[in-house]
Amino acid sequence: MAEKQYLFTPGPTPVPPQVLEAMSRPIIHHRSSDFRAILESCLARLKSVYRTEGDVLLYTASGTGGMESAISNLTRPGDRVAVVSAGHFGERWAGMAKNFGCQVDELVYEWGESPAAEDLTQFLREKGGAKVVFLTHSETSTGVVADVEGLAAAAKDAGALVVVDAVSSLGAVPLETDAWGLDSVISGSQKALMTPPGLATVSVSASAWETIQKEAPCRYYFDWARTRYAQESFDPSFTPAVSIVVGLDVALGILVEEGLEHAFERHLRLGRACRAGVKAMGLELFSPDDDRSAVVTAINAPDGIDSGELVQTLRDRHGIVLAPGQGPLKGKIFRIGHIGYYDVFDITTALAGVELVLAELGADLERGVAITAALEAFEHSRV
Ligand code: PMP
C-alpha cells in the first residue's frame, strides 16, 4: 500500500500549506470582529476573481448546493428553462430543474462534444425562448471547456437569464462575469480555489435580482435575499464553516497575488504539457486538443484496458489518484486534473505513473518520452 498520496483529481485538489496552516488555527466565533474582517476580505477577493461588481454570495455547501440555489431563486414550477448538456454536469442541471417543476428544454450533445453558440441560438428560436438558460463552463466529466461567452450571448439575445456552472473553472480559465453578462455563476471551494470542499460561491447580477421569484418561495437556507442582507454587515444568517472560510480567504489571497492572468497562463501551459506527454507515449486524447481544455485532460484507455483498473492500480500501488470515467465513459477514459495548486512536476508525476502502470497492464506504449515532451511543451509555451 502506497503511503504518500498524489492528488490529481479535478476536485478536490491539493491545498497549499499556507491555507492548511490558517485552517488549523483555533476556531473563531462567526459573530466576532475577527471573523467579520475575514469574511469581508474573502468576499472582496471573490469579486475580483469573479470579475464582477455585483454580489457574490457564500454558502456552506458543496457546489451542487450553489446550483440548487440558482434554480430555487430564479424559477418557479412551470417555468420554461433551457439546459445545454454535454456530460454529467449538464445532465445535473436538467435533473435538478425538473425536480423543481420546471419545463426543461435540453440541447443535448454527445458526452465530449463542445456546445456551439449557433446551435443554442437556433434551439431557442425553435423552442420559443426560455426564462433561464443553464450552462456548464468546464464539463469536468469530459474535459471540455465551453465557449461560455458565445453561448451566453446567444441566450441573452433570446431574452433569457444566463446561469453558469463554473465549479471546476473559476480561477483556472478566463471567465468574465460582468463583461459576458452572466446572471449567476456558481463555483466551489475545492477546485481551482485551492481550498478543501465545503463552500459554494454564487454571483447574482442586477437582472437576476430583478427577476428573483418572490411568491411562495421554495427555499430557506438558500434564500439569496436573506444571504445578501446578512453579508452586507458580514454577519452570516447561519453558522458558516468558519475554518474553510478562513482557508478560502488565504487561498484567494494567493491567487490574487499570483494574478489571475498569470494563473490562466499557468493552467493553459499545464494543459499543453499534459496533452503533449499523453500523445508522446502514443495515447489518444478524449478531451479536445486545444488550449481551452486547461482544467482536466481526459484520455482514452488503450484497447483492452479498463480505465477503472488503471485508476485503481495507480492509487493502490503508487498513491497516485486520478479520476475514472463517469456515466457512459466508465471504464473507457481516465482523467488527470490540473486545476489550482499545480505545477509541471505534478503533470510529470501523473504521466510517469500512467506510463508505468499501463506498461504493466500490457499496453503498447512509447516508453521514456512523455516526460520530456511534457516539460518541453511547458517551457516552450510561455504566452
Ligand atoms: N459542476 C461541475 C462542473 C463539477 O466538476 C462538480 C464537482 N465535480 C460539480 C458541479 C458538483 O460540485 P460538488 O460535488 O461540490 O457538489
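In each ligand, atom 1 is the first atom listed, and ligand 1 is the first ligand listed. In what follows, every heavy atom counts, from backbone to side chain, and hydrogens, waters and symmetry copies are set aside.
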**Asked** So which of Thr211, Asp183, Asp55 actually passes side-chain hydrogen bond (donor to acceptor under 3.5 Å, both in side chains) with Ser205?
**Response**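 Only one option passes, and that is Asp183.
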**Request:** Please test Asp165 against Arg92 for salt bridge (Lys or Arg N to Asp or Glu O under 4.0 Å), starting from the C-alpha separation and ending with a verdict.
**Result:** CA-CA 10 Å; Asp165 169 353; Arg92 182 167 297 182; over 6 Å; no
**Message:** Heavy-atom count check: over 12 atoms from other residues, nucleotides or ligands less than 6.0 Å from Glu284 CD?
**Reply:**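 Counting other residues, nucleotides and ligands, CD of Glu284 stays at 12 neighbours or fewer.
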Side-chain donor-acceptor pairs under 3.5 Å in residues 366-375, sequence neighbours left out?
from   : atom 1 : to     : atom 2 : distance (Å)
Arg367 : NE     : Glu355 : OE2    : 3.0

**Asked** So which heavy atom on Tyr341 is nearest to which on Asp346, and how close?
**Response**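 Minimum heavy-atom contact is O-OD2, 4.0 Å.
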**Asked** Would Leu135 end up clustered with Val167 when hydrophobic side chains under 4.5 Å apart are linked, directly or stepwise?
**Response**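 Different hydrophobic clusters.
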Anything under 3.5 Å between an N or O on ligand 1 and a protein N or O? List each pair with its distance, or write none.
from     : atom 1 : to     : atom 2 : distance (Å)
ligand 1 : 1 (N)  : Asp165 : OD1    : 3.2
ligand 1 : 1 (N)  : Asp165 : OD2    : 2.6
ligand 1 : 5 (O)  : Thr140 : OG1    : 2.5
ligand 1 : 5 (O)  : Lys191 : NZ     : 3.2
ligand 1 : 8 (N)  : Lys191 : NZ     : 2.7
ligand 1 : 15 (O) : Gly63  : N      : 2.8
ligand 1 : 15 (O) : Gln190 : NE2    : 2.7
ligand 1 : 16 (O) : Ser62  : OG     : 2.5
ligand 1 : 16 (O) : Gly63  : N      : 3.3
ligand 1 : 16 (O) : Thr64  : N      : 2.8
ligand 1 : 16 (O) : Thr64  : OG1    : 2.5

